[in-house]
Amino acid sequence: MNKKLKVGILGATGMVGQRFISLLENHPWYEVVALAASPRSAGKTYEEAVGGRWKMTTPMPEAVKSMVVMNVNEVEKVAAEVDFVFSAVDMSKEEIRNIEDAYAKTETPVVSNNSAHRWTPDVPMMIPEINPEHAEVIEAQKKRLGTTRGFVAVKPNCSIQAYAPALTAWKEFEPVEVVATTYQAISGAGKTFKDWPEMIENIIPYIGGEEEKSEQEPLRLWGKIVDGKIEKATLPVITTQCIRVPVLDGHTAAVFVKFNKKPTKEELIDRLVNFSGEPQELDLPSAPKQFIQYLEEDNRPQVKADVDYENGMGVSIGRLREDTVYDYKFVGLAHNTVRGAAGGAVLCAELLTAKGYIQAK
C-alpha cells in the first residue's frame, strides 16, 4: 500500500476505543487522523478527554495526545476527514444502528465492534478466518443504503472466540450439539479492577444478553448468503452459561461437543493446528501466523501464560479428551479485547481492504 488510509475512531475515549488506538499506533496500512466521542468530550484534546481513564498497559501514543476530539454526532464533519471508521460507541442499540448507517451513507465504510448490527440481514459479521465470503453481502447492503462505497461490517461477540474457531476447524466431523460455559474477563464489561473492586475474589454468574449471543452468533458465522441476506445455520445446537470471573483480560470456555461423524483425538488436534484462512493466505498485518495452537499440558491454556498468544490474535485450545456423555470436551482461551474486540475489527478491516471494499476516498 503506497499511502496509508485515513482512519477515524468513533467512541475513542472508551476501553475498546483505547484498544483501537494502541493497536493502530504503528499500523502499516492505516493512520488514525480523527477521534470522535460524546459531546462532553468534544473540543478537548484526547489526553484531556480521557484524563485518568487510560486503561491500556502501554502508554497513550504521543500522536493522539494533542488530537482534538470531535463530536461523534457531527457525522458529515468527521466523515470528511477519513477514508473509513472503526466504531466503538457507547449508545443504545437503536442509536448505534442509526449513527453507523449515517456514516455509511456519507460513503464512509464502518467496521464496528458493537452488537447493534450483528443481526441486520445484509451486514456481514465476520471472524475473517471463518467466514470471509460473507463480505459479498455488502453489495446488497449498499443497494439498500443507496451507497457506492459506504457500508457497515461487524465482528461477533468476544465470548465465542474461544470455541467457534475450534468448531469451525472440525466442520467435516459435523458437530451437532455443543455445551459451553464461558469464564469471562472484566475488561469485557469495559472495566479494570480499579473501577470494579467488587470483582476481586468474586464470580458473578450472570452477564446480561451474553448467553443468547454465545448460542446464536456462531450459527450466523456458519450461515449462507441467500438472496442478499445471511441465513444462519441450524446446527450445531448450542447451549451456554456465561460467568464473569476475576480476570482482567481473556475469556476461557469449557466446551462439550457431540459429533455426527466421530473423529479420533489425533484427527481433531490435526485439524486445529492446521486450520488457517484468508488472513493467513493474504498475510494480513494483524493476522496470527498460526490461528489456533493446541497445548498438550494438562494445566493449559492458562490466562497468564497464553492470553497474549500471537499478540492476542491467536486462540489456545487444550485438555481435549473423550467424554462420558458427549463425544469430546476441551478448554479454549482467547483475548477478549484484542481478538474478541478491537483486534478482530482491525483484522476485518484489513480483509475488506485487501478485497477492495475499503479504499481511499
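What you see below is based on every heavy atom in this structure, not just the backbone, and it leaves out hydrogens, waters and symmetry mates.
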Checklist entry - If you measure from CD1 on Ile317 to CZ on Phe275, what distance do you get to the nearest 0.5 Å? => result 11.5 Å
Next on the checklist: Assess whether a salt bridge exists between Glu231 and Lys224, defined as any Lys/Arg side-chain N lying under 4.0 Å from an Asp/Glu carboxylate O.
Outcome noted: no
Checklist entry - So, is the end of the Lys258 side chain (NZ or CZ) under 6.0 Å from the ring centre of Tyr326 and within 45° of the ring's axis? => result yes
Next on the checklist: Between Glu139 and Lys142, does any NZ, NE, NH1 or NH2 come within less than 4.0 Å of an OD or OE carboxylate oxygen?
Outcome noted: yes
Name each donor-acceptor pair under 3.5 Å that joins a side chain in residues 56-66 to protein atoms two or more places apart or in another chain, with its distance.
unit_1, atom_1, unit_2, atom_2, d
Glu62, OE2, Lys65, NZ, 2.9

Checklist entry - Between the side chains of Ser159 and Ser214, is a donor N or O closer than 3.5 angstrom to an acceptor N or O? => result yes
Next on the checklist: Between Arg319 and Asp298, does any NZ, NE, NH1 or NH2 come within less than 4.0 Å of an OD or OE carboxylate oxygen?
Outcome noted: no
Checklist entry - Aromatic rings Tyr30 and His27: how do their planes relate, parallel, tilted or perpendicular, breaks at 30° and 60°? => result parallel
Next on the checklist: Would you say NZ of Lys44 has more than 12 non-hydrogen atoms from neighbouring residues, nucleotides or ligands within 6.0 angstrom?
Outcome noted: yes
Next on the checklist: Other residues, nucleotides and ligands only: do more than 12 of their heavy atoms fall within 6.0 Å of CD on Glu94?
Outcome noted: no
Next on the checklist: Around atom CZ of Arg40, are there more than 12 heavy atoms from other residues, nucleotides or ligands closer than 6.0 Å?
Outcome noted: no
Checklist entry - With distance as the sole test, does Arg244 use its side chain to make a donor-acceptor pair with the main-chain N or O of Ala185 at under 3.5 Å? => result yes
Checklist entry - For Lys155 and Gly344, which heavy atoms make the closest approach, and how far apart are they? => result CD-C, 4.3 Å
Checklist entry - Just one of Thr337, Val16, Asn336 clears the side chain to side chain contact (heavy atoms under 4.5 Å, CB included) bar with Cys158, so which one? => result Asn336
Checklist entry - Mind checking what makes ring pair (Phe, Tyr, Trp, His ring centres under 6.0 Å) contact with Phe330, not counting sequence neighbours? => result Trp170
Checklist entry - Does Glu107 reach the main-chain N or O of Gly150 with its side chain, forming a donor-acceptor pair under 3.5 Å? => result yes
Next on the checklist: When you measure from the centre of the six-membered ring of Tyr328, is the NZ or CZ of Lys262 closer than 6.0 Å and no more than 45° off the axis?
Outcome noted: yes
Next on the checklist: Quick test of your reading: applying salt bridge (Lys or Arg N to Asp or Glu O under 4.0 Å), list the pairs with at least one residue in residues 267-294, sequence neighbours left out, ordered by first then second residue.
Outcome noted: Glu172-Arg271, Glu278-Lys355, Asp283-Lys289
Next on the checklist: Side chains of Ile9 and Val85, heavy atoms from C-beta outward: is any pair under 4.5 Å?
Outcome noted: no
